[in-house]
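First up is the structure itself, then whatever we jot down about it.
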Amino acid sequence: MMEIDVPSDPELLQRARIYNHQALAQIYDTYSPGLYRYAMRLLGDQNLAEDCVADTFARFLQVLQAKRGPENFLQAYLYRIAHNWISDHYRREPAPTEELTEEHRDEQAGPEEEANRRQRQARLQAALQQLTPDQQQVIVLKFLEGWENEEIARAIGKPVGAVKSLQHRGLAALQRVLQNEDLV
Amino acid sequence: MREKEMDPKLKNALDELQSVPPRDPDAAARGKAHFMRQAAVLRSAVSRKQEARHRGWIDTFFPAFPRKERNPVLNTLIAVVLAVTVFFGGTGATVYAAQESLPDQDLYPVKIWSEDAILALTSSPQAHLNYELDFSDRRITEMAGLIFTGDSIPERVVTRLQTELEHALELAAGMDDLQMVQQLEQLRLRAETQLQTMSALMYGAPESAQPALLRVQARIQEQVQLCALGQADPQGFRLQVQQRQRDRGGPGEGTPEPGSNSQTPAGTPMPTGSGNGAGPGGNQPTEMPGQYGPGSQSAATHDSGNGSGGHKP
(Lines give C-alpha, C1' and ligand atoms only; values in the text may rest on other atoms or scores of the structure.)
Protein backbone atom coordinates (compact mmCIF):
# COMPACT_ATOMS: atom_id res chain seq x y z
CA MET A 1 0.00 0.00 0.00
CA MET A 2 1.49 3.29 -1.11
CA GLU A 3 1.43 5.77 1.72
CA ILE A 4 0.40 8.92 -0.12
CA ASP A 5 -1.28 9.70 -3.43
CA VAL A 6 1.04 11.85 -5.50
CA PRO A 7 0.93 13.34 -8.99
CA SER A 8 2.40 11.31 -11.80
CA ASP A 9 6.01 10.47 -10.99
CA PRO A 10 7.27 10.88 -14.56
CA GLU A 11 5.87 14.41 -14.71
CA LEU A 12 7.28 15.29 -11.31
CA LEU A 13 10.67 13.89 -12.23
CA GLN A 14 10.68 15.78 -15.50
CA ARG A 15 10.25 19.03 -13.61
CA ALA A 16 12.73 17.98 -10.96
CA ARG A 17 15.40 17.50 -13.64
CA ILE A 18 15.29 21.21 -14.39
CA TYR A 19 15.36 21.89 -10.64
CA ASN A 20 11.86 23.28 -10.66
CA HIS A 21 11.36 24.73 -7.19
CA GLN A 22 7.80 23.55 -6.69
CA ALA A 23 8.46 20.04 -7.95
CA LEU A 24 11.45 19.55 -5.68
CA ALA A 25 9.59 20.96 -2.69
CA GLN A 26 6.72 18.59 -3.41
CA ILE A 27 9.07 15.64 -3.65
CA TYR A 28 10.68 16.52 -0.35
CA ASP A 29 7.41 17.14 1.44
CA THR A 30 5.90 13.93 0.09
CA TYR A 31 8.70 11.48 0.76
CA SER A 32 10.85 12.81 3.57
CA PRO A 33 8.43 11.93 6.40
CA GLY A 34 8.24 8.29 5.33
CA LEU A 35 11.97 8.11 4.73
CA TYR A 36 12.59 9.52 8.19
CA ARG A 37 10.29 6.95 9.81
CA TYR A 38 11.92 4.18 7.83
CA ALA A 39 15.40 5.32 8.84
CA MET A 40 14.33 5.69 12.47
CA ARG A 41 12.99 2.15 12.55
CA LEU A 42 16.25 0.75 11.24
CA LEU A 43 18.69 3.09 12.96
CA GLY A 44 16.88 3.97 16.18
CA ASP A 45 18.59 7.36 16.34
CA GLN A 46 16.99 10.68 15.38
CA ASN A 47 20.23 12.35 14.31
CA LEU A 48 21.25 9.40 12.20
CA ALA A 49 17.80 9.27 10.66
CA GLU A 50 18.04 12.95 9.73
CA ASP A 51 21.49 12.36 8.25
CA CYS A 52 20.11 9.47 6.24
CA VAL A 53 17.27 11.59 4.88
CA ALA A 54 19.58 14.49 4.07
CA ASP A 55 22.08 12.28 2.27
CA THR A 56 19.30 10.49 0.42
CA PHE A 57 18.00 13.71 -1.06
CA ALA A 58 21.52 14.99 -1.70
CA ARG A 59 22.24 11.82 -3.63
CA PHE A 60 19.01 12.32 -5.52
CA LEU A 61 20.17 15.77 -6.61
CA GLN A 62 23.50 14.30 -7.64
CA VAL A 63 21.89 11.82 -9.99
CA LEU A 64 19.72 14.55 -11.43
CA GLN A 65 22.80 16.62 -12.01
CA ALA A 66 24.45 13.66 -13.73
CA LYS A 67 21.37 13.35 -15.95
CA ARG A 68 20.62 9.96 -14.44
CA GLY A 69 18.01 8.79 -11.99
CA PRO A 70 14.60 7.19 -12.30
CA GLU A 71 11.97 7.81 -14.92
CA ASN A 72 9.26 6.53 -12.59
CA PHE A 73 8.66 4.93 -9.17
CA LEU A 74 10.38 7.73 -7.36
CA GLN A 75 9.45 6.45 -3.90
CA ALA A 76 11.10 3.10 -4.52
CA TYR A 77 14.19 4.88 -5.85
CA LEU A 78 14.51 7.11 -2.81
CA TYR A 79 14.04 4.21 -0.43
CA ARG A 80 16.74 2.29 -2.25
CA ILE A 81 19.14 5.16 -1.73
CA ALA A 82 18.18 5.26 1.96
CA HIS A 83 18.58 1.50 2.24
CA ASN A 84 22.07 1.66 0.75
CA TRP A 85 22.93 4.46 3.14
CA ILE A 86 21.80 2.40 6.10
CA SER A 87 23.67 -0.68 4.85
CA ASP A 88 26.83 1.38 4.45
CA HIS A 89 26.32 2.76 7.95
CA TYR A 90 26.14 -0.72 9.43
CA ARG A 91 29.21 -1.81 7.48
CA ARG A 92 31.12 1.02 9.10
CA GLU A 93 29.47 0.68 12.51
CA PRO A 94 27.98 -2.76 13.16
CA ALA A 95 24.71 -2.75 15.05
CA PRO A 96 25.04 -3.08 18.83
CA THR A 97 24.43 -6.64 20.11
CA GLU A 98 24.18 -5.98 23.83
CA GLU A 99 21.00 -5.34 25.65
CA LEU A 100 20.34 -1.91 26.95
CA THR A 101 22.57 -1.19 29.89
CA GLU A 102 21.54 0.24 33.21
CA GLU A 103 22.93 3.57 32.02
CA HIS A 104 20.57 3.61 29.08
CA ARG A 105 17.68 2.71 31.32
CA ASP A 106 18.44 5.67 33.57
CA GLU A 107 18.62 8.06 30.60
CA GLN A 108 15.14 7.07 29.59
CA ALA A 109 13.70 7.40 33.06
CA GLY A 110 10.31 9.00 33.12
CA PRO A 111 6.86 7.74 33.90
CA GLU A 112 7.48 4.10 34.54
CA GLU A 113 5.12 2.70 31.96
CA GLU A 114 6.47 4.99 29.22
CA ALA A 115 10.03 4.15 30.21
CA ASN A 116 9.28 0.43 30.04
CA ARG A 117 7.64 0.83 26.67
CA ARG A 118 10.58 2.73 25.24
CA GLN A 119 13.03 0.28 26.65
CA ARG A 120 11.19 -2.65 25.13
CA GLN A 121 10.95 -0.84 21.81
CA ALA A 122 14.68 -0.17 21.86
CA ARG A 123 15.31 -3.86 22.47
CA LEU A 124 13.00 -4.80 19.63
CA GLN A 125 14.83 -2.38 17.41
CA ALA A 126 18.17 -3.87 18.44
CA ALA A 127 16.75 -7.31 17.60
CA LEU A 128 15.68 -6.11 14.16
CA GLN A 129 19.18 -4.81 13.57
CA GLN A 130 20.52 -8.35 13.97
CA LEU A 131 18.97 -9.21 10.61
CA THR A 132 20.76 -8.65 7.32
CA PRO A 133 20.13 -5.22 5.75
CA ASP A 134 17.95 -6.73 3.03
CA GLN A 135 15.91 -8.71 5.55
CA GLN A 136 15.47 -5.60 7.68
CA GLN A 137 14.31 -3.56 4.72
CA VAL A 138 11.78 -6.15 3.60
CA ILE A 139 10.38 -6.59 7.12
CA VAL A 140 10.09 -2.85 7.71
CA LEU A 141 8.58 -2.03 4.32
CA LYS A 142 6.20 -4.98 4.37
CA PHE A 143 4.95 -5.05 7.95
CA LEU A 144 5.60 -1.54 9.22
CA GLU A 145 5.13 0.59 6.10
CA GLY A 146 2.54 -1.68 4.49
CA TRP A 147 4.12 -1.90 1.02
CA GLU A 148 3.18 -4.56 -1.51
CA ASN A 149 5.82 -7.05 -2.65
CA GLU A 150 6.09 -5.45 -6.08
CA GLU A 151 6.89 -2.06 -4.56
CA ILE A 152 9.41 -3.60 -2.20
CA ALA A 153 11.03 -5.39 -5.14
CA ARG A 154 11.50 -2.06 -6.93
CA ALA A 155 12.91 -0.44 -3.81
CA ILE A 156 15.52 -3.08 -3.13
CA GLY A 157 16.23 -3.84 -6.75
CA LYS A 158 15.42 -7.54 -6.50
CA PRO A 159 12.77 -9.81 -8.02
CA VAL A 160 9.50 -10.39 -6.19
CA GLY A 161 10.51 -13.99 -5.52
CA ALA A 162 13.61 -12.77 -3.71
CA VAL A 163 11.45 -10.41 -1.65
CA LYS A 164 9.25 -13.29 -0.51
CA SER A 165 12.28 -15.36 0.34
CA LEU A 166 13.83 -12.51 2.31
CA GLN A 167 10.54 -11.98 4.12
CA HIS A 168 10.33 -15.62 5.13
CA ARG A 169 13.93 -15.87 6.27
CA GLY A 170 13.81 -12.45 7.91
CA LEU A 171 10.78 -13.27 10.01
CA ALA A 172 12.25 -16.58 11.03
CA ALA A 173 15.52 -14.93 12.02
CA LEU A 174 13.68 -12.19 13.89
CA GLN A 175 11.63 -14.69 15.81
CA ARG A 176 14.77 -16.54 16.88
CA VAL A 177 16.42 -13.34 18.07
CA LEU A 178 13.33 -12.23 19.95
CA GLN A 179 13.01 -15.61 21.63
CA ASN A 180 16.65 -15.49 22.66
CA GLU A 181 16.05 -12.04 24.15
CA ASP A 182 12.85 -13.11 25.88
CA LEU A 183 10.92 -10.54 23.95
CA VAL A 184 8.31 -13.01 22.71
CA MET B 1 5.11 -16.46 5.73
CA ARG B 2 1.91 -14.49 5.39
CA GLU B 3 0.94 -12.11 8.09
CA LYS B 4 -2.05 -14.19 9.14
CA GLU B 5 0.21 -17.22 9.59
CA MET B 6 2.68 -15.30 11.69
CA ASP B 7 3.23 -16.15 15.32
CA PRO B 8 0.91 -13.71 17.18
CA LYS B 9 3.74 -12.83 19.56
CA LEU B 10 5.95 -11.94 16.62
CA LYS B 11 3.15 -9.88 15.14
CA ASN B 12 2.71 -8.06 18.45
CA ALA B 13 6.43 -7.36 18.55
CA LEU B 14 6.29 -5.86 15.07
CA ASP B 15 3.26 -3.80 16.02
CA GLU B 16 5.27 -2.34 18.90
CA LEU B 17 7.80 -1.14 16.36
CA GLN B 18 5.12 0.78 14.48
CA SER B 19 5.33 3.82 16.65
CA VAL B 20 8.22 6.13 15.95
CA PRO B 21 9.03 9.26 17.98
CA PRO B 22 7.73 12.30 16.13
CA ARG B 23 10.25 14.06 13.97
CA ASP B 24 11.72 17.25 15.36
CA PRO B 25 10.01 19.97 13.27
CA ASP B 26 13.07 22.23 13.43
CA ALA B 27 15.29 19.43 12.17
CA ALA B 28 12.78 18.70 9.42
CA ALA B 29 12.67 22.36 8.38
CA ARG B 30 16.47 22.57 8.37
CA GLY B 31 16.65 19.45 6.26
CA LYS B 32 14.24 20.84 3.72
CA ALA B 33 16.00 24.20 3.63
CA HIS B 34 19.33 22.49 3.04
CA PHE B 35 17.85 20.46 0.18
CA MET B 36 16.23 23.47 -1.45
CA ARG B 37 19.44 25.47 -1.19
CA GLN B 38 21.40 22.69 -2.86
CA ALA B 39 18.82 22.63 -5.64
CA ALA B 40 18.94 26.41 -6.00
CA VAL B 41 22.70 26.32 -6.43
CA LEU B 42 22.38 23.65 -9.10
CA ARG B 43 19.63 25.54 -10.87
CA SER B 44 21.66 28.74 -10.99
CA ALA B 45 24.71 26.90 -12.21
CA VAL B 46 22.73 25.21 -14.97
CA SER B 47 21.16 28.47 -16.06
CA ARG B 48 24.53 30.18 -16.21
CA LYS B 49 26.22 27.28 -18.00
CA GLN B 50 23.46 27.09 -20.56
CA GLU B 51 23.93 30.74 -21.40
CA ALA B 52 27.69 30.33 -21.37
CA ARG B 53 27.51 27.43 -23.81
CA HIS B 54 25.20 29.42 -26.04
CA ARG B 55 27.64 32.30 -26.22
CA GLY B 56 30.79 30.25 -26.16
CA TRP B 57 31.71 31.35 -22.67
CA ILE B 58 33.76 28.23 -22.13
CA ASP B 59 35.81 29.15 -25.12
CA THR B 60 36.35 32.62 -23.82
CA PHE B 61 38.91 31.46 -21.32
CA PHE B 62 39.61 27.95 -22.43
CA PRO B 63 40.21 27.87 -26.15
CA ALA B 64 41.77 24.43 -25.83
CA PHE B 65 38.23 23.13 -26.14
CA PRO B 66 37.53 23.81 -29.80
CA ARG B 67 34.00 24.46 -30.82
CA LYS B 68 32.65 23.90 -34.29
CA GLU B 69 30.78 27.19 -34.46
CA ARG B 70 33.15 30.02 -33.76
CA ASN B 71 32.05 33.58 -33.47
CA PRO B 72 34.71 35.87 -34.92
CA VAL B 73 33.93 38.49 -32.29
CA LEU B 74 34.38 36.00 -29.47
CA ASN B 75 37.62 34.85 -31.01
CA THR B 76 38.88 38.38 -30.77
CA LEU B 77 37.69 38.61 -27.18
CA ILE B 78 39.47 35.38 -26.36
CA ALA B 79 42.72 36.61 -27.85
CA VAL B 80 42.60 40.00 -26.20
CA VAL B 81 41.64 38.82 -22.72
CA LEU B 82 44.21 36.07 -22.72
CA ALA B 83 46.84 38.42 -24.11
CA VAL B 84 46.15 40.84 -21.32
CA THR B 85 46.25 38.01 -18.82
CA VAL B 86 49.59 36.75 -20.03
CA PHE B 87 50.92 40.31 -20.30
CA PHE B 88 50.43 40.72 -16.58
CA GLY B 89 52.26 37.51 -15.90
CA GLY B 90 49.22 35.37 -15.33
CA THR B 91 47.90 32.32 -17.07
CA GLY B 92 44.64 31.61 -18.80
CA ALA B 93 44.17 28.72 -16.41
CA THR B 94 44.04 31.11 -13.45
CA VAL B 95 41.41 33.22 -15.09
CA TYR B 96 39.45 30.11 -15.95
CA ALA B 97 39.76 28.77 -12.41
CA ALA B 98 38.52 32.09 -11.07
CA GLN B 99 35.18 31.75 -12.81
CA GLU B 100 33.80 29.51 -10.06
CA SER B 101 35.13 31.58 -7.18
CA LEU B 102 32.98 33.15 -4.49
CA PRO B 103 33.29 36.66 -3.07
CA ASP B 104 35.21 35.45 -0.04
CA GLN B 105 37.85 33.65 -2.12
CA ASP B 106 41.21 34.84 -3.37
CA LEU B 107 40.43 34.50 -7.07
CA TYR B 108 37.20 36.48 -6.92
CA PRO B 109 38.84 39.75 -7.99
CA VAL B 110 40.12 37.95 -11.06
CA LYS B 111 36.62 36.81 -11.83
CA ILE B 112 35.28 40.35 -11.55
CA TRP B 113 38.14 41.72 -13.58
CA SER B 114 37.45 39.21 -16.33
CA GLU B 115 33.78 40.21 -16.42
CA ASP B 116 34.70 43.88 -16.66
CA ALA B 117 37.19 43.04 -19.39
CA ILE B 118 34.60 41.19 -21.40
CA LEU B 119 32.11 44.02 -21.08
CA ALA B 120 34.74 46.57 -22.01
CA LEU B 121 35.55 44.63 -25.14
CA THR B 122 31.93 44.08 -26.16
CA SER B 123 30.61 46.68 -28.54
CA SER B 124 27.34 45.04 -29.53
CA PRO B 125 24.50 46.18 -27.25
CA GLN B 126 22.81 42.84 -27.73
CA ALA B 127 25.89 40.91 -26.65
CA HIS B 128 26.48 43.37 -23.84
CA LEU B 129 22.94 42.85 -22.57
CA ASN B 130 23.32 39.08 -22.72
CA TYR B 131 26.51 39.29 -20.71
CA GLU B 132 24.86 41.51 -18.10
CA LEU B 133 22.13 38.89 -17.68
CA ASP B 134 24.65 36.11 -17.49
CA PHE B 135 26.61 37.98 -14.86
CA SER B 136 23.47 38.65 -12.84
CA ASP B 137 22.92 34.88 -12.74
CA ARG B 138 26.46 34.55 -11.49
CA ARG B 139 25.74 36.95 -8.62
CA ILE B 140 22.80 34.82 -7.55
CA THR B 141 24.88 31.67 -7.76
CA GLU B 142 27.47 33.40 -5.59
CA MET B 143 24.80 34.32 -3.05
CA ALA B 144 23.61 30.73 -3.02
CA GLY B 145 27.16 29.53 -2.49
CA LEU B 146 27.68 31.94 0.41
CA ILE B 147 24.40 31.00 2.04
CA PHE B 148 25.23 27.34 1.63
CA THR B 149 28.31 27.87 3.76
CA GLY B 150 26.39 29.95 6.29
CA ASP B 151 28.00 33.24 5.33
CA SER B 152 26.43 36.64 4.91
CA ILE B 153 26.27 38.37 1.54
CA PRO B 154 28.70 41.23 0.95
CA GLU B 155 27.15 44.51 -0.09
CA ARG B 156 29.32 44.67 -3.19
CA VAL B 157 27.66 41.54 -4.55
CA VAL B 158 24.21 43.01 -4.13
CA THR B 159 25.31 46.29 -5.65
CA ARG B 160 26.91 44.63 -8.61
CA LEU B 161 23.79 42.59 -9.26
CA GLN B 162 21.63 45.70 -9.10
CA THR B 163 23.96 47.42 -11.54
CA GLU B 164 23.83 44.51 -13.95
CA LEU B 165 20.05 44.48 -13.89
CA GLU B 166 19.94 48.22 -14.38
CA HIS B 167 22.34 48.12 -17.29
CA ALA B 168 20.30 45.40 -18.93
CA LEU B 169 17.27 47.69 -18.80
CA GLU B 170 19.25 50.61 -20.18
CA LEU B 171 20.61 48.54 -23.01
CA ALA B 172 17.13 47.34 -23.91
CA ALA B 173 15.82 50.90 -23.77
CA GLY B 174 18.46 51.89 -26.31
CA MET B 175 17.09 49.49 -28.92
CA ASP B 176 14.30 50.07 -31.41
CA ASP B 177 10.80 49.18 -30.26
CA LEU B 178 10.61 45.76 -31.85
CA GLN B 179 13.98 44.60 -30.61
CA MET B 180 13.39 46.16 -27.22
CA VAL B 181 10.11 44.33 -26.68
CA GLN B 182 11.76 41.05 -27.64
CA GLN B 183 14.65 41.66 -25.28
CA LEU B 184 12.36 42.67 -22.46
CA GLU B 185 10.58 39.35 -22.82
CA GLN B 186 13.92 37.60 -22.34
CA LEU B 187 14.74 39.84 -19.40
CA ARG B 188 11.40 39.18 -17.80
CA LEU B 189 11.69 35.41 -18.15
CA ARG B 190 15.18 35.48 -16.75
CA ALA B 191 14.06 37.62 -13.83
CA GLU B 192 11.19 35.25 -13.08
CA THR B 193 13.60 32.33 -12.98
CA GLN B 194 15.87 34.32 -10.71
CA LEU B 195 12.90 35.05 -8.44
CA GLN B 196 12.25 31.32 -8.12
CA THR B 197 15.84 30.81 -7.10
CA MET B 198 15.66 33.66 -4.60
CA SER B 199 12.55 32.13 -3.03
CA ALA B 200 14.43 28.88 -2.55
CA LEU B 201 17.43 30.68 -1.10
CA MET B 202 15.26 32.38 1.50
CA TYR B 203 14.49 29.00 3.04
CA GLY B 204 16.56 28.77 6.18
CA ALA B 205 19.13 31.33 5.00
CA PRO B 206 21.28 32.69 7.83
CA GLU B 207 19.68 35.68 9.51
CA SER B 208 22.64 37.83 8.54
CA ALA B 209 21.95 37.14 4.87
CA GLN B 210 18.25 37.83 4.89
CA PRO B 211 18.25 41.62 4.53
CA ALA B 212 20.41 41.35 1.43
CA LEU B 213 18.28 38.56 0.03
CA LEU B 214 15.10 40.56 0.58
CA ARG B 215 16.56 43.55 -1.22
CA VAL B 216 17.66 41.44 -4.13
CA GLN B 217 14.30 39.75 -4.27
CA ALA B 218 12.55 43.13 -4.33
CA ARG B 219 14.87 44.42 -7.04
CA ILE B 220 14.29 41.41 -9.25
CA GLN B 221 10.55 41.72 -8.71
CA GLU B 222 10.88 45.30 -9.85
CA GLN B 223 12.77 44.07 -12.90
CA VAL B 224 9.84 41.85 -13.83
CA GLN B 225 7.45 44.76 -13.48
CA LEU B 226 9.63 47.11 -15.50
CA CYS B 227 9.95 44.58 -18.27
CA ALA B 228 6.22 44.14 -18.37
CA LEU B 229 5.86 47.92 -18.54
CA GLY B 230 8.30 48.07 -21.42
CA GLN B 231 6.44 45.45 -23.35
CA ALA B 232 3.16 47.30 -22.91
CA ASP B 233 4.44 50.86 -23.23
CA PRO B 234 7.88 51.19 -24.83
CA GLN B 235 8.05 54.94 -24.60
CA GLY B 236 6.86 54.97 -21.02
CA PHE B 237 9.52 52.41 -20.24
CA ARG B 238 12.24 54.56 -21.79
CA LEU B 239 11.13 57.51 -19.69
CA GLN B 240 11.27 55.32 -16.60
CA VAL B 241 14.78 54.21 -17.46
CA GLN B 242 15.78 57.81 -18.05
CA GLN B 243 14.39 58.82 -14.67
CA ARG B 244 16.16 55.94 -12.95
CA GLN B 245 19.44 57.02 -14.52
CA ARG B 246 18.90 60.55 -13.22
CA ASP B 247 18.05 59.22 -9.77
CA ARG B 248 21.29 57.28 -9.75
CA GLY B 249 23.21 60.34 -10.80
CA GLY B 250 23.66 59.20 -14.37
CA PRO B 251 23.17 61.26 -17.50
CA GLY B 252 19.43 60.62 -17.85
CA GLU B 253 19.24 63.35 -20.47
CA GLY B 254 17.22 62.39 -23.46
CA THR B 255 15.90 59.02 -24.37
CA PRO B 256 18.59 56.34 -24.47
CA GLU B 257 19.77 55.92 -28.02
CA PRO B 258 20.58 52.65 -29.68
CA GLY B 259 24.17 51.74 -29.02
CA SER B 260 24.54 54.41 -26.34
CA ASN B 261 26.01 51.86 -23.93
CA SER B 262 28.44 50.25 -26.29
CA GLN B 263 31.96 49.98 -25.05
CA THR B 264 35.09 51.22 -26.68
CA PRO B 265 38.16 49.91 -24.98
CA ALA B 266 40.11 53.01 -24.21
CA GLY B 267 42.88 51.18 -22.48
CA THR B 268 43.81 47.94 -21.00
CA PRO B 269 41.57 46.88 -18.10
CA MET B 270 43.68 46.67 -14.98
CA PRO B 271 43.20 43.75 -12.62
CA THR B 272 43.04 44.71 -8.98
CA GLY B 273 43.02 43.04 -5.62
CA SER B 274 40.14 45.05 -4.28
CA GLY B 275 37.57 42.39 -4.90
CA ASN B 276 35.53 44.56 -7.18
CA GLY B 277 37.44 44.31 -10.39
CA ALA B 278 38.40 46.91 -12.91
CA GLY B 279 36.24 49.33 -14.73
CA PRO B 280 36.52 49.49 -18.45
CA GLY B 281 38.85 51.71 -20.28
CA GLY B 282 41.50 51.70 -17.63
CA ASN B 283 40.72 55.26 -16.58
CA GLN B 284 37.97 54.42 -14.11
CA PRO B 285 38.54 53.75 -10.43
CA THR B 286 39.49 50.13 -10.50
CA GLU B 287 37.56 49.25 -7.37
CA MET B 288 34.26 50.39 -8.77
CA PRO B 289 32.26 47.48 -10.14
CA GLY B 290 29.88 47.78 -12.97
CA GLN B 291 30.97 51.09 -14.49
CA TYR B 292 30.15 50.82 -18.09
CA GLY B 293 30.25 53.65 -20.50
CA PRO B 294 30.78 57.37 -20.02
CA GLY B 295 28.75 58.88 -17.29
CA SER B 296 27.10 55.76 -16.01
CA GLN B 297 27.85 54.99 -12.44
CA SER B 298 27.09 52.24 -10.07
CA ALA B 299 26.31 52.89 -6.44
CA ALA B 300 29.22 50.69 -5.57
CA THR B 301 30.72 50.30 -2.19
CA HIS B 302 34.02 48.67 -1.79
CA ASP B 303 35.70 47.00 1.07
CA SER B 304 39.32 47.81 0.69
CA GLY B 305 41.80 50.06 -0.94
CA ASN B 306 42.28 51.05 -4.50
CA GLY B 307 44.68 48.43 -5.57
CA SER B 308 45.45 49.80 -8.97
CA GLY B 309 47.39 47.17 -10.82
CA GLY B 310 48.05 45.41 -7.57
CA HIS B 311 46.75 42.05 -8.61
CA LYS B 312 47.70 39.86 -11.45
CA PRO B 313 45.44 37.15 -12.73
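- Scanning residues 43-51 of chain A against chain B with a 4.5 Å heavy-atom cutoff picks out A/Q46, A/E50, ordered by number.
- When heavy atoms are compared at a cutoff of 4.5 Å, A/L124 approaches chain B by way of both its backbone and its side chain.
- Contact annotation for B/P21: both backbone and side-chain heavy atoms come within less than 4.5 Å of a heavy atom of chain A.
- Formation of a donor-acceptor pair under 3.5 Å by the A/R80 side chain with backbone atoms of A/R154 is found in this model.
- For the side chain to side chain donor-acceptor pair (under 3.5 Å) test with B/S136, the passing option among B/H167, B/Q194, B/E164 is B/Q194; the others fail.
- Between B/L195 and B/Q223, the closest side-chain pair of non-hydrogen atoms is not below 4.5 Å.
- For the 3.5 Å distance criterion, the side chains of A/Y38 and A/Q137 qualify, holding a donor opposite an acceptor.
- Both the backbone and the side chain of A/A58 come within contact range of chain B, judged by heavy atoms closer than 4.5 Å.
- Atom CG of B/L42 is separated from atom CZ of B/R37 by 13.0 Å, given to the nearest 0.5 angstrom.
- Comparing B/L17, B/D24, B/V20 by heavy-atom pairs within less than 4.5 Å of chain A, the highest count is held by B/L17.
- If you measure heavy-atom distances from A/I18 to chain B, the contacts under 4.5 Å come from the backbone alone.
- Remark: B/R215 pairs with B/E155 by the salt bridge (charged side-chain N to carboxylate O under 4.0 Å, His left out) rule, at least two apart or across chains.
- Rounded to the nearest 0.5 Å, atoms CG (A/L13) and CZ (A/R17) are 5.5 Å apart.
- Taking chain A as the reference chain and counting heavy-atom pairs below 4.5 Å, the highest number among B/A40, B/P8, B/A13 is found for B/A13.
- By the 30° and 60° cut-offs, the orientation of the rings of A/F57 relative to A/F60 is perpendicular.
- The part of A/Y36 that comes within reach of chain B is its side chain, from C-beta onward, which places non-hydrogen atoms under 4.5 angstrom from that chain.
- Both the backbone and the side chain of B/S19 come within contact range of chain A, judged by heavy atoms closer than 4.5 Å.
- Within 6.0 Å of CD in B/Q126 there are more than 12 heavy atoms belonging to other residues, nucleotides or ligands.
- Here the straight-line distance linking atom NZ of B/K9 with atom CG of B/L14 works out to 14.5 Å at 0.5 Å rounding.
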